[in-house]
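Below you'll find the structure, written out as structure tokens, and then a few comments.
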2 protein chains.
Amino acid sequence: MSITIKDVARKTGVSIATVSRIVNNQSGYSEQTRKKVIMAIEDLGYSPNALARGLVGQATRTVGVLLPNVSSLFAGKLLEGIEAAAQSEGYSIVVCNTGSEGERTDDYLTILKQKRVEGILYASGDFPKDLGEKIDGLGLPVVTVATRSHEETIPYVKVDDQTAAFDGTSCLIEKGHRSIAFLGGGLSDPVAGKPRFDGYLDALKAHGIPRQDSLVRFGDFRFESGKRETGRLLDEGAAFTALFASSDEMAVGALHAARERGVRVPEELSVLGYDNTLAAEMALPPLTTVEQPLHAMGEQAFRTLINGGGSLTAKHAIIERQTVRQIEEE
Amino acid sequence: MSITIKDVARKTGVSIATVSRIVNNQSGYSEQTRKKVIMAIEDLGYSPNALARGLVGQATRTVGVLLPNVSSLFAGKLLEGIEAAAQSEGYSIVVCNTGSEGERTDDYLTILKQKRVEGILYASGDFPKDLGEKIDGLGLPVVTVATRSHEETIPYVKVDDQTAAFDGTSCLIEKGHRSIAFLGGGLSDPVAGKPRFDGYLDALKAHGIPRQDSLVRFGDFRFESGKRETGRLLDEGAAFTALFASSDEMAVGALHAARERGVRVPEELSVLGYDNTLAAEMALPPLTTVEQPLHAMGEQAFRTLINGGGSLTAKHAIIERQTVRQIEEE
DNA sequence: CTCGTTTACGTAAACGTTTACGTTCTCTAC
DNA sequence: GTAGAGAACGTAAACGTTTACGTAAACGAG
């Protein structure tokens, strides 16, 4: 069928061992035979079979990436970073869309194991309790990106969400806002949900502002839920001058809800996003947001997966654009 | 090291052939031994080695996907569709970010060949001439998505861009617009660039509107270029009441440029996008756009790759939202 | 000249499967 | 009672590599 190392060996009159050595840049052959073999390889169009290689040495040069939703800008950025690092190390990545609830995680885990990937990058929002054991069972290195497991054993690469949310909320407060609504991703999500809410609460407390539970709403990080929840808040006539959203998509949803009701941003309502994806940049007006350096986090995560190493906390930042304004003291 | 079929065979006292038959649901064993073997497999945590499997039978159940820019919403949607179809057929996909100019295409092609993928999905914008030969050299099935090759030999799944652009432009004309600017992706791009421009021109001609070359600009489909080119158009004082953009991102860029200059959309300027990605939905105001059914196209492309079959033309549609308005007859 | 070392190879055993081909046994039909 | 067929296995070759080990020749030192 296809051309094997044997064909090359036969054509050049050397043994397959020698061809293998040449292909792998090892030593033990003369320059003369090297040339002969290289030529034969070109001639025949020989391409080493990675399956056979992987079978004997155990380097498949492949890692699996689990994502809840490949089509989001969030996942895109992360994937881009991961891919870049992988490419530079000669790895390829297989992407697994686990579904928003992680329905297909188990299926993919067994497939990845069968394909003998060298490691797994987990960026699938929530990290369910039982998943830890399953993953341990695989005997594969794992690192989580932009999320973390309950156990301490699995390295993560992420922002300090609580502090980031604290900083974001504080920024709002420092601009004079006192009534700040919160749009979260569900408290059941212990990594992107709870910590951001806690950070928000911390900031209120630190500035002596009483929390108002009527101003907090939860969605699923997506555009639609942001629009819906902000709409409800507005329709209920809740009084707030600023809104902290747990994702850019939700923040843009908030922008839509505000516009539909004639509420002007930032004049009447300040909106702060989270992530700094392209959505923030493309929003109208451009969204002030808490940045997660997703591309860099993806790269880092890949590197720690391959080279080993512990958890890393990426630096967040506040990107000021045009959706937050200073409120005059009264 | 890891647990092999031999371990299972030893533990149950049968031969590896029998274990293999059971694992693969073939016939030739008693129910009794089946149970024994299944139990042993569970006990030991045996997981068949896909590399070895792939080596003997040649089914790797893997396909490669080449994309110019994984992080875009466009790629995301496509990828989502591809992934969904792949998953349902038990395939996994390795994604390859070829870079916006396709710089890394060659590298990836050789890697994919070595890994013995069963086929390649090409969604990398332009399809350079020499690529056809290279791909033929691989001896792998290929299908292009949302793009096509020069030769007729490679099946594609795409929208009829010329007709879609014709329809989009016609829609603008039917709403009373006579001065319509065009934002393209470069005429050198023979698939997404030229045909859309031709469709635009066709529509003008069909309605007896003279073309005005001062109203056509080219970018690279991305947000920034849309913003930049529209800005220039506006700054030059060009007179136009509508703008046809070759991508949603560019259209959103146009929205930004307009807003910065106090030009109101759609009151003073109508804007039409292309793709119908989430960007169109999230834009403010929500973008009227020419839809490409990217998710479905991804699925279809995967299916024709695996099952064989010829080129497919997906149906486009005009999605009316809020950026195009009717102009009153004067 | 001889001995030891290095260079340049070749041989063959693994790696973990699938599968063609045998073999044994049981059962049915006559 | 026997031939024949089918069920239930086992044996071993193949898939395409890498690599430990062996070996012959060349070479340098003494």
Side-chain angles (χ1 to χ4, degrees), chain A residues 1-38 40-41 44-62 90 110-118 139, chain B residues 1-38 40-41 44-62 90 110-118 139:
Chain A
M1 170 139 323
S2 88
I3 295 171
T4 76
I5 199 172
K6 282 183 196 165
D7 299 316
V8 178
R10 199 172 314 135
K11 171 148 184 171
T12 49
V14 302
S15 74
I16 59 171
T18 297
V19 177
S20 174
R21 279 187 277 256
I22 292 172
V23 169
N24 294 296
N25 279 315
Q26 296 170 339
S27 59
Y29 47 84
S30 69
E31 178 58 20
Q32 194 186 351
T33 57
R34 204 193 120 254
K35 275 186 182 147
K36 253 194 329 191
V37 169
I38 295 288
I41 287 175
L44 296 169
Y46 166 71
S47 158
N49 184 323
L51 296 172
R53 280 181 154 176
L55 229 204
V56 30
Q58 39 264 13
T60 53
R61 300 240 132 206
T62 303
T110 69
I111 290 183
L112 291 176
K113 181 174 187 190
Q114 293 189 177
K115 298 215 164 149
R116 297 302 191 261
V117 298
E118 293 183 32
Chain B
M1 171 138 324
S2 89
I3 294 170
T4 78
I5 199 173
K6 282 183 196 164
D7 299 316
V8 178
R10 198 171 315 136
K11 172 148 183 170
T12 50
V14 303
S15 74
I16 60 171
T18 297
V19 178
S20 174
R21 280 188 276 257
I22 292 171
V23 169
N24 294 295
N25 280 315
Q26 297 170 340
S27 59
Y29 47 84
S30 68
E31 178 58 19
Q32 193 185 353
T33 57
R34 204 193 120 256
K35 276 186 183 150
K36 251 195 330 190
V37 169
I38 295 287
I41 287 175
L44 296 169
Y46 165 69
S47 159
N49 185 323
L51 297 172
R53 280 181 155 176
L55 191 55
V56 30
Q58 40 266 12
T60 53
R61 301 241 130 205
T62 303
T110 68
I111 290 182
L112 291 176
K113 181 174 187 193
Q114 295 189 176
K115 297 213 166 151
R116 298 300 190 264
V117 299
E118 293 182 33

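In what follows, every chain begins at residue 1, and chains take the letters A, B, ... in the order their sequences are listed. Hydrogens, waters and symmetry mates are skipped; everything else that's a heavy atom, side chains included, is used.
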**Prompt:** What residues form a side chain to side chain donor-acceptor pair (under 3.5 Å) with B:Q32, not counting sequence neighbours?
**Reply:** none
**Request:** Check side chain to side chain donor-acceptor pair (under 3.5 Å) between A:Q26 and all other residues, then give those that pass, not counting sequence neighbours.
**Result:** none
**Prompt:** Within this structure, what is the CG-to-P distance between B:N49 and C:dC15, rounded to whole angstrom?
**Reply:** 12 Å
**Request:** Let me know the distance between CD of A:Q32 and P of D:dA26, rounded to the nearest Å.
**Result:** 14 Å
**Request:** Side chain of B:S15 only, please: which of C:dT11, D:dT11, C:dT17 is the nearest?
**Result:** D:dT11
**Message:** Using the side-chain heavy atoms of B:V56, tell me which of these nucleotides is nearest: C:dC15, C:dT17, D:dT19.
**Reply:** C:dT17
**Request:** With axes from five pairs an end, tell me the bend angle of the helix from C:dC1-D:dG30 to C:dC30-D:dG1, nearest 10°.
**Result:** 40°
**Prompt:** Which residues pass the side-chain contact (heavy atoms from CB on, under 4.5 Å) test with B:L112, sequence neighbours left out?
**Reply:** B:L66, B:V94, B:C96, B:V117, B:I120
**Prompt:** Can you find a pair of side-chain heavy atoms, one from A:I111 and one from B:R61, that are under 4.5 Å apart?
**Reply:** no
**Asked** Taking for each residue the nucleotide of DNA chain D with the nearest heavy atom, is it A:A52 or B:T33 whose nucleotide lies nearer the 5' end?
**Response** B:T33
**Item:** Between P of D:dT17 and CD1 of A:I41, the distance in whole Å
**Value:** 10 Å
**Prompt:** In whole angstrom, what separates A:L44's CG from D:dG16's P?
**Reply:** 14 Å
**Fill in**
From NZ of B:K6 across to P of D:dG10 the rounded distance in Å is 15 Å
**Request:** Decide yes or no for A:I41 and A:V23: does some side-chain heavy atom of the first lie under 4.5 Å from some side-chain heavy atom of the second?
**Result:** yes
**Request:** Please tell me which of B:I5 and A:E31 maps to the more 5' nucleotide of DNA chain C, matching each residue to the nucleotide holding its nearest heavy atom.
**Result:** A:E31
**Prompt:** In chain order, what residues pass the side-chain contact (heavy atoms from CB on, under 4.5 Å) check against A:V56, with sequence neighbours excluded?
**Reply:** none
**Close approaches to DNA chain C from residues 18-30 of chain A, in residue order (heavy atom, under 4.0 Å)** = A:T18, A:R21, A:G28, A:Y29, A:S30
**Which nucleotide in C:dC15, D:dT17, C:dT18 has an atom nearest any side-chain atom of B:I16** = C:dT18
**Message:** Please report the distance, rounded to the nearest Å, between CD1 in A:I3 and C1' in D:dT17.
**Reply:** 16 Å
**Asked** Got a sec, which pairs hit salt bridge (Lys or Arg N to Asp or Glu O under 4.0 Å) with one end in residues 9-19 of chain A, sequence neighbours left out?
**Response** A:D7-A:R10, A:K11-A:D43
**Integer-rounded Å distance: C:dG10 P and A:R10 CZ** = 14 Å
**Prompt:** Over how many whole Å does the gap from B:L55 atom CG to D:dG16 atom C1' extend?
**Reply:** 5 Å
**Request:** Please identify each residue that fulfils side chain to side chain donor-acceptor pair (under 3.5 Å) with B:S20, with sequence neighbours left out.
**Result:** B:N24
**For A:S30, side chain to side chain donor-acceptor pair (under 3.5 Å) partners two or more places apart** = A:T33
